[in-house]
Amino acid sequence: MPITTLLIPTADGQADAFAAFPDSGGRHPGVLMYSDGFGIRPVLRELARELAEHGYYVLVPHLFHRHGPAPVIELPEHIGEEARPRVMAQLMPLIRAHTVERVLSDADAYLDFLSARPEVDAGPVAVTGYCIGGLLAMRTAAARPDRVAAVAAFHGPVGADGPGLFSTISARVHLGHAESDLTPEGLQELNQALDAAGVRYTSEIYPHTVHGFTMSDTDAFSAAGLGLHWDRLLPLLDGAFAP
């Protein structure tokens, strides 16, 4: 499964990124995959490669390219509880600086890149994201509804912008929440806001999971949670891109 390192022109310089795609040739549906806050690293390549094996061209950009190429901070091979406070202290200023305006400016650059690739099918793409990347995915789908056919967010703070974010989303949506991130009452409130906005969605708490459950290089990892993530993501994409 080929993985290609890329530089994508944005309004604020070049963003480093990588793409994973089938080696069978031809054109494939495009997927913009936003990483969690820890950024591009081997576990993201594994996720992108596995998704590409199902017939997708998967683009994974470096979220914080304005601060230098990835990795912006030094990450341990395994991000355990001892390392997390130090890592988060370095990451939080970057996350706070990544404003909505920057998110959407970058999103346009990434969507333009995908639309110009000869390996990518014409038309809308899917967007998926993990942790903070889940919020970025929802912002992208809301701001560019004509360009996004499906959106999925996993253990992401998708309600952080308020229910108004959902009003322009036309994509099919799946939200997979960590049990530690959202109470049943919070889930009900979120789903009511999605209903009121007329969003076509599924939204559920994944049992026995904590924030970050898809990431195998952290203490939060849940093999069952990751498996459920694939069980939900793949049918979502298949449905969005069905002839």
Side-chain angles (χ1 to χ4, degrees), residues 1-10 13-79 91 106-134 136-137 140 147-154 156 212-218 221 223 226-227 229-230 232-234 236-238 240-241:
M1 191 65 53
I3 288 188
T4 302
T5 301
L6 303 162
L7 291 173
I8 300 175
T10 77
Q14 291 188 315
D16 46 318
F18 73 87
F21 49 93
D23 54 10
S24 56
R27 297 167 73 96
H28 309 278
V31 179
L32 171 57
M33 178 184 285
Y34 288 117
S35 73
D36 61 357
F38 297 137
I40 292 176
R41 59 198 193 282
V43 68
L44 266 297
R45 293 184 176 86
E46 293 170 10
L47 289 168
R49 183 182 290 112
E50 182 158 353
L51 185 53
E53 288 175 352
H54 291 273
Y56 298 97
Y57 182 102
V58 186
L59 174 66
V60 185
H62 170 39
L63 302 184
F64 308 126
H65 62 88
R66 291 171 181 83
H67 303 273
V72 175
I73 66 170
E74 183 178 348
L75 291 172
E77 187 172 325
H78 182 84
I79 307 168
L91 279 178
D106 286 351
D108 283 338
Y110 305 146
L111 294 173
D112 288 346
F113 176 86
L114 285 168
S115 68
R117 294 299 299 183
E119 304 95 337
V120 178
D121 285 340
V125 303
V127 187
T128 185
Y130 302 91
C131 184
I132 188 63
L136 306 191
T140 300
R147 307 188 72 177
V148 179
V151 59
F154 301 95
F213 62 82
T214 58
M215 299 296 153
S216 62
D217 61 352
T218 74
F221 178 62
L226 179 62
H229 142 281
W230 289 121
R232 299 295 188 263
L233 178 59
L234 294 173
L236 175 77
L237 301 186
D238 289 346
F241 295 115

Discussion item. Donor-acceptor check, side chain of R27 to backbone of V120, threshold 3.5 angstrom: yes or no?
Written reply: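 Judged by distance alone, yes, a pair lies under 3.5 Å.
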
Fill in: Pairwise distance CD1(I8) to CD(Q14) - rounded to 0.5 angstrom
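CD of Q14 is found 9.5 Å from CD1 of I8.
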
Item to complete: Before accepting this row, confirm whether a basic side-chain N of the pair D112/R117 lies closer than 4.0 Å to the acidic partner's carboxylate O.
Response: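 Not counted as a salt bridge, because no side-chain N and carboxylate O are separated by less than 4.0 Å.
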
Worksheet entry | Interatomic distance, R41 atom CZ to E46 atom CD [nearest 0.5 angstrom] |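 One finds 10.0 Å between CZ of R41 and CD of E46.
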
Discussion item. Measuring from atom CG of L6 to atom CG of D16, what distance do you get when rounded to the nearest 0.5 angstrom?
Written reply: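 With rounding to 0.5 Å, CG (L6) is 9.5 Å from CG (D16).
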
Worksheet item: What's the shortest heavy-atom distance between P22 and P2, and which atoms?
Response: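 Shortest heavy-atom separation between P22 and P2 comes out as C-CD, 4.1 Å.
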
Worksheet entry | Reported CD-to-CG distance for the pair E119 and L59, which is rounded to 0.5 angstrom |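 These two atoms lie 11.0 Å from each other.
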
Worksheet entry | Considering all heavy atoms, the nearest I40-V60 contact |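 For I40 versus V60, the nearest heavy atoms are CD1-O, 3.7 Å.
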
Worksheet item: Atom CG in D23, atom CD in E53: separation rounded to 0.5 Å?
Response: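 Reported value, rounded in 0.5 Å steps: 9.5 Å.
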
Discussion item. Can you tell me how far apart OG (S115) and CZ (R147) are? Round to the nearest 0.5 Å.
Written reply: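 Spacing of OG (S115) from CZ (R147) equals 5.0 Å.
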
Worksheet entry | Verdict with supporting geometry, L237 and L51, side-chain contact (heavy atoms from CB on, under 4.5 Å) | CA-CA 10 Å; L237 301 186; L51 185 53; 3.8 Å; yes

Worksheet item: Does a donor on one side chain and an acceptor on the other come within less than 3.5 Å for H54 and D238?
Response: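 Checked: H54/D238 side chains show no N/O donor-acceptor pair below 3.5 Å.
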
Worksheet item: Can you name the nearest heavy-atom pair linking V125 to G30, along with the distance?
Response: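 Shortest heavy-atom separation between V125 and G30 comes out as CB-O, 3.2 Å.
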
Item to complete: Pick out which of T218, L44, L63 makes a side chain to side chain contact (heavy atoms under 4.5 Å, CB included) with D36.
Response: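 Of the listed residues T218, L44, L63, the side chain to side chain contact (heavy atoms under 4.5 Å, CB included) partner of D36 is L44.
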
Worksheet item: Looking only at heavy atoms, which two atoms of L226 and F221 are closest? And how far apart?
Response: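 Heavy atoms only, the tightest pair is CD2-CE1, 3.7 Å.
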
Practice prompt. Decide side-chain contact (heavy atoms from CB on, under 4.5 Å) for C131 and M215; before the verdict, give the C-alpha distance in whole Å, the side-chain angles of both, and the deciding distance to 0.1 Å.
Written response: CA-CA 10 Å; C131 184; M215 299 296 153; over 6 Å; no

Fill in: Backbone N/O of I73 and side chain of H67: donor-acceptor pair under 3.5 Å
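Side chain of H67 to backbone of I73: no pair is present.
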
Discussion item. Do V58 and L47 make a side-chain contact, defined as non-hydrogen atoms from C-beta onward lying under 4.5 Å apart?
Written reply: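 Side-chain contact under 4.5 Å: no.
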
Discussion item. Measuring only between side-chain heavy atoms, which start at C-beta, is H65 closer than 4.5 Å to V72?
Written reply: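 Result no, sub-4.5 Å side-chain heavy-atom pair not found.
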
Discussion item. Does any part of the side chain of D121, heavy atoms only, come nearer than 4.5 Å to the side chain of P29, both counted from C-beta?
Written reply: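 When only atoms from C-beta onward are counted, D121 and P29 do touch, with a gap below 4.5 Å.
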
Discussion item. Does the plane of the ring in Y57 sit parallel, tilted or perpendicular to the ring in F21? Use 30° and 60° as the thresholds.
Written reply: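 Y57 and F21: parallel rings.
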
Practice prompt. For residues A149 and A240, report the shortest heavy-atom separation together with the two atoms involved.
Written response: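 Smallest heavy-atom distance, with atoms named: O-CB, 4.0 Å.
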
Discussion item. For a 4.5 angstrom cut-off between non-hydrogen side-chain atoms, does R66 reach D106?
Written reply: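 Yes, close enough: below the 4.5 Å cut-off.
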
Worksheet item: Are V43 and F38 side-chain neighbours, meaning at least one heavy-atom pair lies under 4.5 Å?
Response: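 Not in contact.
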
Practice prompt. Considering non-hydrogen atoms only, spot the tightest contact between P61 and A17 and give its length.
Written response: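 Distance-wise, the nearest heavy atoms are CA-CB, 3.6 Å.
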
Discussion item. Apply side chain to side chain donor-acceptor pair (under 3.5 Å) to residues T10 and Y110 and explain how you reach the verdict.
Written reply: CA-CA 8 Å; T10 77; Y110 305 146; over 6 Å; no

Practice prompt. For the residue pair Y130 and F154, categorise the inter-ring angle as parallel (less than 30°), tilted (30 to 60°) or perpendicular (more than 60°).
Written response: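 Answer is parallel, since the angle falls under 30°.
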
Worksheet item: Where do T4 and F18 land on the side-chain contact (heavy atoms from CB on, under 4.5 Å) test, with the steps shown first?
Response: CA-CA 5 Å; T4 302; F18 73 87; over 6 Å; no

Discussion item. Apply side-chain contact (heavy atoms from CB on, under 4.5 Å) to residues V31 and V127 and explain how you reach the verdict.
Written reply: CA-CA 6 Å; V31 179; V127 187; over 6 Å; no

